[in-house]
Amino acid sequence: MAEREFLELEGITKEFPNIKALDGVNFNLRRGEVHAICGENGAGKSTLIKVLGGVYIPEKGKIFIDGKQENFQNPLDAQKAGIGIVHQELSLVSNLSVAENVFANRQPVNKLGLIKTKQLYADTEKILRLFFDEDDKTVTPDMIVEDLSVANRQVVEIMKSLALNPKILVLDEPTSSLTTLEREKLFVNINKLKALGIGCIYISHHLNEVFEIADRVTVLRDGQYVITKDVKDVTEDQLVTYMVGREITDIYGERAPEDKIGEEYFEVKDLYVREMFNNVSFKLRKGEILGISGLVGAGRSEMGMSVFGAIKLNRGEVWLDGKKLDIRSPHDAIKNKIGYMTEDRKEMGLFLEMMIKDNVIAADTYSYSNNALRFIDENLVRKNSDEAVEEFDIATPSITQKVGNLSGGNQQKVLLSMWYGIKPEVLIVDEPTRGVDVGAKSDIYDHLRSLARTGVGIIVISSDLMEILGISDRILVMRGGYLVGELQHDEATEEKVIAIASGVAQ
């Protein structure tokens, strides 16, 4: 009998009403390796991780760790067996210290039940040394979590899992809120964990990360196992084909020779919001896709929201077609055909408890009213919603489906269709493919290019540098609230953008 791998999942099957989320899935992990799991939304990645984490009990299948069969009945069982999971949504208590978060509900106490603060800090310091040099005080045990950067909060979340001495660490979309430089720092830390013999399962929609950090990759599709390959033996195009079941050769697409960019028609002048950004001025041409890059905290999203009227400007002007606009609210922006697709679709973009048809019309309900009393024309709503579902290929049984029940990619398509509904002249899209699988990404890029082809100018704000490089005709770089660089598509490289964003180059 062949020797088992460090972790083995055999024939895992998990069913829900009317759906088989996992159908006989196999997966294994070796000690001290990073094994990526890829697949579109709905492929079964999250379900498989929840089975491993004891959240779900499978109908069929076996789990072996170090050759011993495990039968997890709850997350505590999995935790005791050495499974640590770092979820995409951080579970930190922002007003507590780093140490209090790392050892939440497990603080060392004396006979009177009082916390031994000195020991708590010392124990936290030991784990910090895995990530930071001894003289590096970027993060200390007594720091309050809300005062940390997003990247360092991610480190604290990983530390919480490491404090339980896991054999296996699952990282679910760990870079979703990180910049390129912060991602590189995370990868350095993951390699340190590998050296300690910890096996890491890495889940990400960013395929470039898979090739950078993973040793092997397993692909799931529609709840079924597809293939496992050494990363060195597969290309990105091959991986995409395994994931979506069809060939996608250029996910970002490209501007066709006949798709000419028009004249300048939109301009912002000297935009300023106290403590956010200063002296931001640029122009946009008809049909142009303008990318805005920069590190977290550079002021990109805040600038976009101010153009849309969601953040009040202290100073500045917005011009469209030679006319100075008076934008004091999102309603004013929408009236002037300026749309803003937020980076946070769940909290600020969509009404998750409402139906698809309600979300499709949400940005401009006036257009769907049929009389002076502003009653909604339900027939018109259904007609346009059906068209949106077809045009954006939204996977749903009905336009009456709650948006919260859709996958991330389909939610993003609903959000995009909402803003297409206002027939924008300028569309600002902030992190347009965050948390979206590769197939949906390709679809979204196709839609953005198609919209640009009609003459609409599009501003893409993104932390995904490959996205910025792939989709943009021109790139603006922000740093510390200022616009500090501009690159044309043909001259832009990852190294140049990072150098400008970090202040290494001007």
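FYI, side chains are in, hydrogens and waters are out, and symmetry mates aren't considered; it's all heavy atoms of this structure.
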Without placing hydrogens or testing angles, list every side-chain donor-acceptor pair under 3.5 Å for residues 225-232, not counting sequence neighbours.
residue, atom, partner, partner atom, Å
Y225, OH, T228, N, 3.0
Y225, OH, T228, OG1, 2.9
T228, OG1, T218, OG1, 2.6

Using distance alone, with no hydrogens and no angle criterion, decide if [X] and [Y] have a side-chain donor and acceptor under 3.5 Å apart.
X	Y	value
Y482	N279	no
R153	S94	no
T235	D237	no

Next item on the list: Please say whether the positively charged group of K14, taken as NZ for Lys or CZ for Arg, lies over the ring of F16, i.e. under 6.0 angstrom from the six-membered ring centre and within 45 degrees of the axis.
Entry: yes
Considering all heavy atoms, the nearest [X]-[Y] contact:
X	Y	answer
L427	Y420	CD2-CE1, 4.1 Å
Q238	D233	OE1-O, 4.2 Å
V210	A36	CG1-CB, 3.9 Å
K160	S91	NZ-OG, 3.1 Å
P174	Q154	O-OE1, 2.8 Å
L406	A395	CD2-O, 3.7 Å

Atom [atom1] in [X], atom [atom2] in [Y]: separation rounded to 0.5 Å?
X	Y	atom1	atom2	answer
F6	H35	CZ	NE2	14.0 Å
Q412	S407	CD	OG	10.5 Å
L193	L171	CG	CG	8.0 Å
I201	D172	CD1	CG	11.0 Å
E491	I475	CD	CD1	9.0 Å
M418	R345	CE	CZ	12.5 Å

Note to self: Applying side-chain hydrogen bond (donor to acceptor under 3.5 Å, both in side chains) to D344 and T342, what does each step give before you reach the verdict?
What the structure shows: CA-CA 5 Å; D344 190 345; T342 176; over 6 Å; no
Side-chain contact, heavy-atom cut-off 4.5 Å: [X] with [Y]?
X	Y	result
K45	I49	no
L7	E70	no
R31	D66	yes
L416	M341	yes
E467	Y445	yes
N28	R216	yes
L120	P108	yes
V86	L169	yes

Note to self: Does this structure show an ion pair linking R30 with D215, if we count only N-O contacts that are shorter than 4.0 Å?
What the structure shows: no
Next item on the list: State whether R434 and D464 are salt-bridged, where the test is any N-O pair (Lys NZ or Arg NE/NH1/NH2 against Asp/Glu carboxylate O) under 4.0 Å.
Entry: no
Would you say that more than 12 heavy atoms from the other residues, nucleotides or ligands in this model lie under 6.0 Å from the [atom1] of [X], or not?
X	atom1	value
K346	NZ	no
E275	CD	no
E15	CD	yes
E134	CD	no
K137	NZ	yes
K62	NZ	no
H447	NE2	yes

Margin query: Can you pull out every salt bridge (charged side-chain N to carboxylate O under 4.0 Å, His left out) where at least one residue sits in residues 406-417? Sequence neighbours excluded, please.
Written below: K413-D443
